[in-house]
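Here the structure is laid out as structure tokens; the discussion comes afterwards.
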Protein chains: 4
Amino acid sequence: MAKALKKNAAAEATAPCGRFAAGEDPAKRGQIIDGAKRVFLRMGFDAASMNDITREAGVSKGTIYVYFKDKEDLFAAMVEAEREAFLAALRIILAKDDDMETSLYTFGIRFLERLTDEKSITAMRMVLGVRERMPDLCSRFFRGPQNLRTVLHEYLVRQVAKGSLVIDDIDLATGQYLDLASGSFFKFRLFGTMPEPPSQEEMVRVIRGAIRVFMAAYSRHDESVIARAPL
Amino acid sequence: MAKALKKNAAAEATAPCGRFAAGEDPAKRGQIIDGAKRVFLRMGFDAASMNDITREAGVSKGTIYVYFKDKEDLFAAMVEAEREAFLAALRIILAKDDDMETSLYTFGIRFLERLTDEKSITAMRMVLGVRERMPDLCSRFFRGPQNLRTVLHEYLVRQVAKGSLVIDDIDLATGQYLDLASGSFFKFRLFGTMPEPPSQEEMVRVIRGAIRVFMAAYSRHDESVIARAPL
Amino acid sequence: MAKALKKNAAAEATAPCGRFAAGEDPAKRGQIIDGAKRVFLRMGFDAASMNDITREAGVSKGTIYVYFKDKEDLFAAMVEAEREAFLAALRIILAKDDDMETSLYTFGIRFLERLTDEKSITAMRMVLGVRERMPDLCSRFFRGPQNLRTVLHEYLVRQVAKGSLVIDDIDLATGQYLDLASGSFFKFRLFGTMPEPPSQEEMVRVIRGAIRVFMAAYSRHDESVIARAPL
Amino acid sequence: MAKALKKNAAAEATAPCGRFAAGEDPAKRGQIIDGAKRVFLRMGFDAASMNDITREAGVSKGTIYVYFKDKEDLFAAMVEAEREAFLAALRIILAKDDDMETSLYTFGIRFLERLTDEKSITAMRMVLGVRERMPDLCSRFFRGPQNLRTVLHEYLVRQVAKGSLVIDDIDLATGQYLDLASGSFFKFRLFGTMPEPPSQEEMVRVIRGAIRVFMAAYSRHDESVIARAPL
DNA sequence: TATGAATGAGCCTTCATTCAT
DNA sequence: AATGAATGAAGGCTCATTCAT
């Protein structure tokens with residue numbers, strides 16, 4: 001019955017064009033990944049059993065093995081999905097045509113929220129924990145081709161092109177803003193030293209500080225230009 | 001036979017007072033932890049089997065279970081031992097009566113070496129990876145009562161008492177020196193972005209820089225005071 | 001697309017009279033059996049998966065289950081078909097109006113070729129291997145109502161009726177020719193002692209010998225008797 | 001409880017010298033092989049599950065995997081044991097100092113009994129059935145280094161050396177006696193054409209016939225020569 | 001009618017833990 | 001006190017079969 005409901009939901013969501021090929025229905029894929037995510041986050045990679053995931057995802061064991069080669073593949077897919085979702089949200093912010101400080105601010109806040117969120121932190125710990133067995137996963141996760149750094153980098157490139165920013169080494173500047181924005185929160189959260197995500201105020205303070213430093217270094221200095229102009 | 005040898009060696013090493021109570025012989029305890037460390041580092045917590053450890057430690061299964069409640073307990077003990085060893089080395093440095101810059105330098109280098117060493121990094125990843133199941137272990141490891149921070153903190157307290165340093169917030173200063181000393185190396189190593197530990201030169205550069213900043217902020221400025229005084 | 005082609009081909013081959021009832025189209029049935037045969041011979045009964053057969057036959061899983069009750073039923077049908085094909089070839093030879101020695105010779109050679117052929121040998125091993133679970137299949141295969149023995153038996157009956165042979169116990173004679181013709185080859189092949197089928201020469205030698213013995217025992221000796229009589 | 005009994009029995013049978021190394025206790029090994037044999041014979045290789053064997057052998061799953069690498073290894077061991085038992089019985093007969101005809105007779109009868117016995121026949125079918133996956137097993141079984149042929153061959157060599165027999169090609173003669181002794185029974189039994197082993201009388205008849213032919217061909221004809229000589 | 005995605009029982013195997021020796 | 005053989009629950013994964021489309 002739970003099954004039937006889920007199936008219908010999936011069908012409605014994706015329905016019009018009939019049936020998907022085996023292992024190709026994105027709704028079902030998502031359903032599996034969702035279940036897997038819950039179980040993996042709760043138990044860790046090894047302690048999570050495929051049976052748990054089966055139960056949590058509301059899908060049969062065989063189906064999981066149609067969509068994913070094995071447990072590692074499923075885990076990798078979940079991690080990838082997580083990263084994708086993380087990025088998607090931030091990409092949108094930087095795509096908007098807001099003025100730069102607003103963009104950097106919203107980006108910073110969302111980034112920090114996400115970065116220090118219990119689920120993200122747990123996921124990162126897990127990825128680090130299985131690194132010995134799945135080194136590729138770890139690399140892709142922390143410096144994959146489509147990562148956060150790239151997203152911000154592209155934004156800064158656009159701003160420089162527009163003349164809003166004056167940056168020599170954009171790579172460096174990208175890293176700097178991210179480091180400034182994450183503050184020490186990330187490390188504290190990762191190691192469990194800080195048991196809760198920072199409060200909204202703490203985050204605002206850090207992000208404001210980050211922007212101040214960043215803009216001081218890289219914004220166009222019209223006035224100073226003017227100031228120097230007289231001569 | 002290898003076993004027999006080990007046994008004798010252990011017995012001799014600790015012998016004088018006769019026989020130890022069950023699970024109390026520190027040599028045997030160490031022998032088990034050593035074997036366990038090798039296996040855990042090589043395979044990760046879950047992938048390591050008690051049989052592997054048995055073999056590597058040259059001790060029987062039953063004996064392990066006399067000394068340690070279960071696999072988790074053994075793992076925790078190994079982690080604890082590792083942290084202890086880490087600290088012991090650094091404690092000695094700060095206990096010596098060297099002049100302060102030398103002490104901070106040697107401390108910094110040893111700290112950074114150890115921090116970025118493949119084995120330490122692997123151990124930290126492991127501890128993070130099993131955090132969901134063994135949260136206490138993780139906490140104890142990263143902020144246990146007898147941690148690095150304390151060691152350095154006590155040293156700084158002594159220096160302040162002697163008047164060699166002028167520090168308002170010693171807690172803060174402790175963290176600052178550690179952060180300065182670890183640089184970005186730690187994060188890069190942890191995430192695998194930096195596949196090898198930094199070279200000796202890189203470390204020297206970072207530690208020198210850390211000391212410069214640290215001393216600029218906190219060393220007694222007698223001369224300058226005097227220098228400024230005359231006016 | 002490969003699938004579509006096959007379907008069309010089948011449809012055309014059998015088309016005229018419209019559509020077949022479910023599980024009744026003999027072309028499709030043959031197509032399934034053919035695919036199954038290839039897979040079963042390659043993998044053995046248990047190791048062959050219905051998916052493999054599906055793929056090899058170019059027919060969907062459901063369709064197979066319309067034509068055959070289950071895997072065992074499909075296997076039995078394939079075995080039966082194989083036996084049928086085996087017999088059909090030999091029946092034709094004995095139906096021709098060639099002189100008897102020619103018939104027996106050709107029959108013998110074809111029989112021996114087939115009997116020692118890798119595919120037949122593999123099939124027999126398989127049938128023997130699943131006997132515990134499918135005892136009827138084995139019986140039908142080795143002494144089914146329409147077997148080799150019957151075919152040759154009927155032929156000999158006809159020859160006796162024509163007066164070409166003089167045989168008391170035709171059952172016995174039937175068995176004897178088959179035993180003589182198979183020689184020791186069959187056992188050796190079945191047990192793998194003889195890794196390749198016998199060469200053409202070896203077969204010719206054995207069959208010639210078989211015919212010599214058989215004819216010596218059962219051919220009409222009228223003329224020779226008469227011939228000798230006069231003296 | 002069954003377990004306890006079995007254990008005690010095993011203990012008594014092997015007891016005096018304490019404990020066996022893992023996977024080395026021959027009583028336990030035998031116990032496992034016995035259980036496995038019953039299950040394998042009943043179900044065939046693939047259809048037999050390790051759980052069935054576990055239950056039938058009265059031993060835990062883990063223990064089986066200490067004694068045998070995997071299912072195939074267990075099966076091979078059972079087949080080997082079966083062959084060994086088969087040979088041992090016959091070896092004894094030929095080792096006795098009976099007169100030759102008696103030896104050959106007893107050997108023949110025992111051989112035929114065993115060869116046509118339901119269990120042997122089933123085992124052979126199984127070995128043939130898994131040949132594709134375990135070709136070595138099949139070879140070893142049917143022409144292994146220590147097989148029946150060798151045993152009889154050695155006996156004949158001894159008789160020739162003693163002058164009791166006059167044989168040119170002992171290899172050939174060995175095969176001939178075995179073929180004569182097995183008659184057609186083996187094939188019929190293997191294929192299930194003969195549902196029961198032959199009766200004692202049938203066996204006696206076949207073996208008597210075999211000995212008559214064999215002795216006619218190979219026994220020393222001294223006396224008869226002498227007997228004939230006088231004339 | 002034909003399809004093939006989904007099912008889930010059941011497979012082989014591993015391994016933390018116990019307990020008789 | 002130390003040993004290590006035995007245990008058996010639980011693991012990941014396959015595949016014959018069903019049934020909605």
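Lettering follows sequence order; numbering is per chain, from 1. As a basis for the values below, the full set of heavy atoms in this structure was taken, side chains included, without hydrogen atoms, waters or symmetry mates.
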So what's the dot-bracket for DNA chain E: Watson-Crick or G-U pairs under 3.5 Å, [ ] if a pair crosses, | if it pairs off-strand?
.||||||||||||||||||||
Most 5' of C/Y65 and A/A48 on DNA chain F, judged by nearest nucleotide
A/A48
Find the distance A/I32:CD1 to E/dT7:C1' and express it as a whole number of Å.
13 Å
Atom CZ of C/R55 to atom P of E/dT3: distance rounded to whole Å?
16 Å
Report the residue (D/S60 or C/D46) whose heavy-atom-nearest nucleotide on DNA chain F is the more 5′ of the two.
D/S60
Rounded distance (nearest 0.5 Å) linking atom CE of A/M78 with atom CZ of A/F45:
10.5 Å
Please check: side-chain N/O of C/Y67 versus main-chain N/O of C/D25, any donor-acceptor pairing under 3.5 Å?
yes
To the side chain of B/S49, which of E/dA16, F/dT17, E/dC12 is closest?
E/dA16
Taking the basic N atoms (NZ, or NE/NH1/NH2) and the acidic carboxylate oxygens, is any pair closer than 4.0 Å for A/D52 and A/R55?
yes
Among F/dA2, F/dC15, F/dG12, the one nearest B/T63 by side-chain distance
F/dA2
Could you tell me the separation between the CD atom of A/Q31 and the C1' atom of E/dA5, rounded to a whole number of Å?
13 Å
D/R133 side, atom CZ; C/D46 side, atom CG - distance, nearest 0.5 Å:
6.0 Å
Verify the contact: side-chain N or O of D/K28 to OP1 or OP2 of F/dA5, cut-off strictly under 4.0 Å; return yes or no.
no
Please check if the side chain of B/E132 supplies one atom and the backbone of A/G44 the other of a donor-acceptor pair under 3.5 Å.
no
Roughly how far, to the nearest 0.5 Å, is CG of C/L137 from CD of C/E72?
8.5 Å
Given atom CG of D/D73 and atom C1' of E/dT13, what is their separation to the nearest angstrom?
14 Å
May I have the distance from D/M43 (atom CE) to E/dG10 (atom C1'), rounded to whole angstrom?
12 Å
Counting just side-chain N and O atoms, does D/Y67 come under 4.0 Å of either OP1 or OP2 of F/dA6?
yes
By nearest heavy atom, map B/G62 and D/A47 onto DNA chain E; which one lands nearer the 5' end?
D/A47
When the distance from CZ of D/F68 to P of E/dC12 is rounded to whole Å, what number comes out?
16 Å
Can you find an N or O donor on one side and an acceptor on the other, under 3.5 Å apart, linking the side chain of B/K71 with the base of E/dT17?
no
Separation of E/dA16 atom C1' from B/R133 atom CZ, nearest Å, is 13 Å
Could you tell me the separation between the NZ atom of C/K61 and the C1' atom of E/dT7, rounded to a whole number of Å?
10 Å
Salt-bridged, B/R42 to B/E56, with N to O below 4.0 Å?
yes
